[in-house]
Amino acid sequence: MTTTDPATRTSEPAATPPSGGPTGMAWVRENLFPDVWNSLLTLTLGPLLAWGVYALGRFLFVTGRWEIITVNLTTLMVGRFPRDQLFRLWIAIAILAVVIGLALGVANSVARAAAVESGDDYHRPWHEPIRRFGPPVTLLIVMGVFVRTATPLLLLAAALGLAAVAYRLGRMIPIRRRGQVNLVVILGVIGAQLAITGFDGVPRSVWGGLLLTIYFTVGALLFAFPLGVAVALGRRSSLPVVRGTCMVYIEFFRGMPLVVLLFTGWLVLPFFLPPQFPTPDIVTRAMVILVLFTSAYVAEIVRGGLQGLPRGQREAAQALGLSPWKQTRLIILPQALRSVIPALVGQAISLFKDTTLVLAVGLTELLQVARIIPGQEDFRGQGLFAETLIFVSLIYWVGSYWMSRESQRLEAKLGVGER
Amino acid sequence: MSASTETSPSDRAHRPPFWRDVRIIRIALQVGFLVAVGALLFWLFDNLTVNLRVLGIRRDFGFLDQPTGVPILGSDFRAQSPIRDALLVGLYNILRVAVPGILTALVIGTLVGVGRLSTNWLVRRAAGIYVEVLRNVPPLVMLIFFYIAVLQQLPAQADSITAGPFALLNVRGVYLPSIQLSAGPAPVFFGVLGLALVAAIVLGVLRTRRFDATGQPHRRVPLGVLLFLGIATLGWLALGRPLGLQLPVIEGRGVDGGYRMIPEQAAVFIALVLYTSSFIAEIVRGSIQAVAKGQTEASNALGLSGLQRLRFVVLPQALRIATPSAGNEFLNLTKNVSLGVFVAYPELLRIGRQAVGNGFPAPQLLFIVSAGYLALSLGISLFTNLANRRLQLSER
């Protein structure tokens, strides 16, 4: 962290990186004991931190009774999902691995092409993937510790292998065909869900654990994004009635706590449907609420992007004689959305964390599993909540920390802050 | 469209046919939109009334006067009191966590945020870990962790954990010192405090005038504080110590005196303060870094000390940048008090939910709960907007 030291901030790029700086005792003196005040800080904070690290390490490696995780790893991942149907899940994972690999490959070749066009040197240091994928790999290793048989690990490795192959394939697809690739990705996502629920499969009401958490995150995002963009466009409309309605929509859903909305969806939503109408199941109700809630936030983010666009863009599009719809679709939206991608990732992170709230309506997502399993017969009365809750915290932490780091990377790449 | 307010007869002749006239299309579109939205809302409301009639659920708010039937945790609310009062207690319980929570999160967040920019490696790293760990874990996970895995595992009352004579910690709650007023001289003492405040302000004004006239350092803040504290102490002693700390003491099977936070409240408070303070820390850090570098360099060139630079140059500008986002975090904390429902903290949602469980109509109750939270949210965002407007630069 050299931000506080103006001396190291030179404007000209150094040919070779400055080597290390002070080392050994000099470093300690400079960074820990530069003056009386800082020495005092170091001496009080140091022992406290050391004690904290010691206590945590002792719990993690000595006193913690982690067999509860080993026994329940499958439950934490999928909840009450029938164990003889797990192969469906693996099929879904394989399909998703292929389409995600394909999409990433195409995205990579697009980025390369753009870099070549703008004359940038598209070069990545060899250690970048290690830094980027550190958190999820750590999580996988932790999971590996708790796995009882090698099958899941082998299957996961196979899925990753599929993804890698698809990535290579994706990079070979010509850029002008990427519209078709988007279609394939959407079909793949639908196919993955069908592989689980279709063909006498497992209904969503018995899904649980991490599966349900991811399902809610991805599903709510997929639906909330188009709805949010539509509301944002309405919020910027020149028609007062449309603008006002969209404003009320946004302010209402942003002003309400999600838990209150979920309870409302659970207890009251069925009242708003005709009596002869079949009551939608709880997963659908929770999903509807998550979509409405998230779309209001997406709308507010996209509105920011729309407002940040210079007026001349719209005027130039008008001058070209494009119809209003084409102006929006071809000129305005691509630029506005590009500038708010990091904020949208931030929204995805908060949605991922907010899915914990669906336990309000009695769904057993990841957190609820962690709350239930210490009450199992084998573990009852032993108070193993700390173990299970810390384990799921790790999953949530890796998920959102990784996403936020990727979004910072993206932000730097898009140069959003530097206009 | 507003450019052509005058329409001469010749214009009128050249108007396009009405189905291509922009003004008419706009009106038609809006009417169509209004009709569609109105129809949707009407359909929903109609379904609601039909359903309630079919199920025999009452459709008015008369039930608010009926007895609640259950007492409320951590308050002297009685089961016979009407639901109306129970909901008010719920609203009060939101504020009981939100107000001290916002203040505490602001203090911790500011310290951590400044800590992230410290020159001390250890402080910088510790603050960084604090932020990165806490803001990436869902607040509900923290809440449940503190409630089940920490507060409920505390020792029983007899073996309470104590922090000197000041605080007690056991499975029944967190006990802190409270301020005790003696009935007689306390109002007089508040009068003395008011007097001291006036005196301090007068002193400040006088010092400022002198500063304007002579240019000598005014030191109005330290002098004013000193005067205030002096008068307050004298008055406190003269009136026979009307204001005192009451410490929690274990008395038989209960705890006497002090302020008791039930475990549910303590868990909500701790979890939300930790979660929100990590976001406030990021806002503070970002705002300080966003103050243009030239400002720091200019104050160095003026020969200001490090503290002066922060106090007079950097912080006032950082505050201006931070206000909207910080207001947003205060709003989030207030809304997140609703997570208390998961640990049975009796805030508004929990009380509404409990009443639904006792057979009172769900639509009306959730309407009231929603209205309560919505009113709090809109109030806070209004307040933030006002503060923001006052702080904004009025350039030219």
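Please read all numbers here as calculations on a predicted model, not as lab measurements. Lettering follows sequence order; numbering is per chain, from 1.
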**Student:** Give the minimum heavy-atom separation between A:L267 and B:A362, together with the two atoms involved.
**Tutor:**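 Shortest heavy-atom contact: CB-CB, 4.3 Å.
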**Student:** When rounded to the nearest 0.5 angstrom, what is the spacing between NZ in A:K353 and CG in B:L140?
**Tutor:**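 CG of B:L140 is found 12.0 Å from NZ of A:K353.
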**Student:** For the residue pair B:Q30 and A:P240, establish whether any side-chain heavy-atom pair is separated by less than 4.5 Å.
**Tutor:**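 Of all side-chain heavy-atom pairs linking A:P240 with B:Q30, at least one is under 4.5 Å.
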**Student:** Determine whether B:F145 and A:I390 make a side-chain contact, defined as any pair of heavy atoms from C-beta on separated by less than 4.5 Å.
**Tutor:**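 When only atoms from C-beta onward are counted, A:I390 and B:F145 do touch, with a gap below 4.5 Å.
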**Student:** Of the non-hydrogen atoms in A:L45 and B:A126, which two are nearest, and what is the gap between them?
**Tutor:**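 Heavy atoms of A:L45 and B:A126 come nearest at CD2-CB, 4.0 Å.
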**Student:** Once rounded to the nearest 0.5 Å, what's the spacing between atom CE of A:M256 and atom CG of B:L378?
**Tutor:**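 Here the interatomic distance stands at 10.5 Å.
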**Student:** With the side chain counted from C-beta on, respond yes when A:F263 and B:L366 share a heavy-atom pair under 4.5 Å apart, and no when they do not.
**Tutor:**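 Side-chain contact under 4.5 Å: yes.
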**Student:** Between A:L359, A:L49, A:D354, which has the largest tally of heavy atom pairs under 4.5 Å with chain B?
**Tutor:**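 So the answer, after comparing A:L359, A:L49, A:D354, is A:L359.
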**Student:** What part of B:L48 gets closer than 4.5 Å to chain A, counting heavy atoms only: side chain, backbone, both or neither?
**Tutor:**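 Both backbone and side chain.
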**Student:** Which atoms of A:F252 are under 4.5 Å from chain B, going by heavy atoms: the side chain, the backbone, both sets, or neither?
**Tutor:**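 Both backbone and side chain.
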**Student:** Could you look at A:L261 and say if it's the side chain, the backbone, both or neither that has a heavy atom under 4.5 Å from chain B?
**Tutor:**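 Interface part for A:L261: neither.
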**Student:** Could you check whether any side-chain heavy atom of B:N51 comes within less than 4.5 Å of a side-chain heavy atom of A:F272, counting everything from C-beta outward?
**Tutor:**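 The answer is no; the side chains never approach within 4.5 Å.
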**Student:** Is B:F342 close to chain A through its backbone or its side chain, or both, or neither, when contacts mean heavy atoms under 4.5 Å?
**Tutor:**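 Interface part for B:F342: both.
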**Student:** Answer with yes or no whether the side chains of A:S404 and B:R135 bring together a donor and an acceptor at under 3.5 Å.
**Tutor:**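 There is no such pair between these side chains.
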**Student:** Less than 4.5 Å to any heavy atom of chain B: does that hold for the side chain of A:A360, its backbone, both, or neither?
**Tutor:**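 It is both, since atoms from each part get that close.
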**Student:** Strictly distance-based, threshold 3.5 Å: is any side-chain N or O of B:K335 a donor or acceptor partner for the main-chain N or O of A:R254?
**Tutor:**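 Yes: the side chain of B:K335 pairs with the backbone of A:R254.
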**Student:** Any donor and acceptor pair, going by atom type alone, linking the side chain of A:W397 with main-chain N or O of B:E132 inside 3.5 Å?
**Tutor:**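 Answer holds: yes.
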**Student:** Go through the atoms of B:V356 and report whether side chain, backbone, both or neither lie under 4.5 Å from a heavy atom of chain A.
**Tutor:**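 Looking at B:V356, just its side chain touches chain A.
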**Student:** Is B:L339 close to A:L357 at the side-chain level, that is, under 4.5 Å between some pair of heavy atoms?
**Tutor:**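 Yes - at least one pair of side-chain heavy atoms lies under 4.5 Å apart.
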**Student:** Look up atom OG in B:S338 and atom CG in A:L258, then write down how far apart they are to the nearest 0.5 Å.
**Tutor:**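 Separation between the atoms: 8.0 Å.
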**Student:** Report the option among A:F271, A:F352, A:F385 that has the most heavy-atom pairs separated by less than 4.5 Å from atoms of chain B.
**Tutor:**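 Option with the top pair count is A:F271.
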**Student:** Using non-hydrogen atoms and a 4.5 Å limit, figure out which bit of A:P374 sits close to chain B: side chain, backbone, both or neither.
**Tutor:**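 Contact with chain B is absent: no heavy atom of A:P374 under 4.5 Å.
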**Student:** Heavy-atom count around B:F367 CZ within 6.0 Å, excluding the residue itself: above 12?
**Tutor:**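 At most 12 heavy atoms, drawn from other residues, nucleotides or ligands, come within 6.0 Å of this atom.
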**Student:** Examine whether an atom of A:W266 lies under 4.5 Å from a heavy atom of chain B, and if so say whether it belongs to the side chain, the backbone or both; otherwise answer neither.
**Tutor:**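 Only the side chain of A:W266 comes within 4.5 Å of chain B.
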**Student:** Between A:L367 and chain B, which part of the residue has a heavy atom less than 4.5 Å away: side chain, backbone, both or neither?
**Tutor:**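 Side chain only.
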**Student:** Check each atom of B:V123 against the heavy atoms of chain A and say whether the ones under 4.5 Å are side chain, backbone, both or neither.
**Tutor:**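 Interface part for B:V123: both.
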**Student:** Given heavy-atom pairs under 4.5 angstrom as the criterion, report whether the side chain, backbone, both or neither of B:V141 touches chain A.
**Tutor:**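 Backbone plus side chain of B:V141, per the 4.5 Å heavy-atom cut-off to chain A.
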**Student:** Using heavy-atom distances under 4.5 Å, tell me whether B:V137 contacts chain A through its side chain, its backbone, both, or neither.
**Tutor:**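 For B:V137, backbone and side chain are both near chain A.
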**Student:** If I measure from the heavy atoms of chain A, does B:Y275 come under 4.5 Å with its side chain, its backbone, both, or neither?
**Tutor:**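 It is the side chain, since no backbone atom gets that close.
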**Student:** What distance separates B:N47 CG from A:L273 CG, expressed to the nearest 0.5 Å?
**Tutor:**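 These two atoms lie 6.5 Å from each other.
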**Student:** Please determine whether the number of non-hydrogen atoms from other residues, nucleotides or ligands lying under 6.0 Å from atom CZ of A:F59 exceeds 12.
**Tutor:**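 Above 12, so yes.
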**Student:** For the atom pair CZ (B:F33) and OG (A:S237), what is the distance rounded to the nearest 0.5 Å?
**Tutor:**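 With rounding to 0.5 Å, CZ (B:F33) is 8.5 Å from OG (A:S237).
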**Student:** Check the pair B:I144 / A:L389 against side-chain contact (heavy atoms from CB on, under 4.5 Å), numbers first and verdict last.
**Tutor:** CA-CA 8 Å; B:I144 289 176; A:L389 286 171; 4.0 Å; yes
**Student:** Does any non-hydrogen side-chain atom of B:L29 lie less than 4.5 Å from one of A:L239?
**Tutor:**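 A side-chain contact exists here, since the closest heavy-atom pair is under 4.5 Å.
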**Student:** Examine whether an atom of A:S238 lies under 4.5 Å from a heavy atom of chain B, and if so say whether it belongs to the side chain, the backbone or both; otherwise answer neither.
**Tutor:**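 Interface part for A:S238: both.
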**Student:** Among the options A:L366, A:V398, A:T356, A:I395, pick out the one with the most heavy-atom pairs lying under 4.5 Å from chain B.
**Tutor:**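 Sorted descending by pairs with chain B, the first entry is A:T356.
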